[in-house]
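All values below come from the heavy atoms of this structure, side chains included, with hydrogens, waters and symmetry mates left out. What you see is a predicted model, and the numbers here were worked out from it, not measured in a lab.
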Amino acid sequence: MFMNIEVERLRRYMSKAEMAGSLAVSVDMLNDWIFQRQAIPAAKLRALSQLFDGCSVDYLLRERS
């Protein structure tokens, strides 16, 4: 699970629906990415980084234990 994506979303008081809308994807697709059921396309990784004020892709994809 990519927890840092969830951490950054919550830090910004953003709902999953708002985040999905900003990325032009469904909430289901967003959940698939977070729970690693689907790979996140490179363009969407860049969009996530920008959405979260320049957080690095490495940070966003880091798994927490």
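Looking at every heavy atom in both residues, Cys55 comes nearest to Ser49 through O-OG, 2.5 Å.
For the salt bridge (Lys or Arg N to Asp or Glu O under 4.0 Å) test, no residue two or more places apart in sequence or in another chain qualifies with Asp58.
One finds the NZ atom of Lys44 at 10.5 Å from the CG atom of Leu30 (value rounded to the nearest 0.5 Å). Leu51 contributes atom CG, which lies 10.0 Å from atom CD of Glu18 (distance to the nearest 0.5 angstrom). For the atom pair CD (Gln38) and CG (Asp32), the distance works out to 5.5 Å, reported to the nearest 0.5 Å. Rounded to the nearest 0.5 Å, atoms CE (Met14) and CD (Glu8) are 10.0 Å apart.
Residues Val57 and Arg46 form no side-chain contact, since every pair of their non-hydrogen atoms from C-beta on lies 4.5 Å or further apart. Between Lys16 and Glu6 the shortest side-chain heavy-atom distance falls below 4.5 Å. Within the 4.5 Å cutoff, no side-chain heavy atoms of Phe2 are placed close to those of Leu48. With contacts defined as side-chain heavy-atom distances shorter than 4.5 Å, the pair Ile40/Ile5 qualifies. Leu23 places a side-chain heavy atom less than 4.5 Å from the side chain of Trp33. Looking at heavy atoms from C-beta onward, Phe52 lies in side-chain contact with Met19 at the 4.5 angstrom threshold. At a threshold of 4.5 Å between non-hydrogen side-chain atoms, the residues Leu61 and Asn4 do not count as touching.
By the rule that hydrophobic residues join a cluster once side-chain heavy atoms approach within less than 4.5 Å of another member, Met1 and Leu10 end up as members of separate clusters. Leu45 and Phe35 fall within the same hydrophobic cluster, where Ile, Leu, Val, Met, Phe, Trp and Tyr residues are linked whenever their side-chain heavy atoms come under 4.5 Å apart, directly or through other members.
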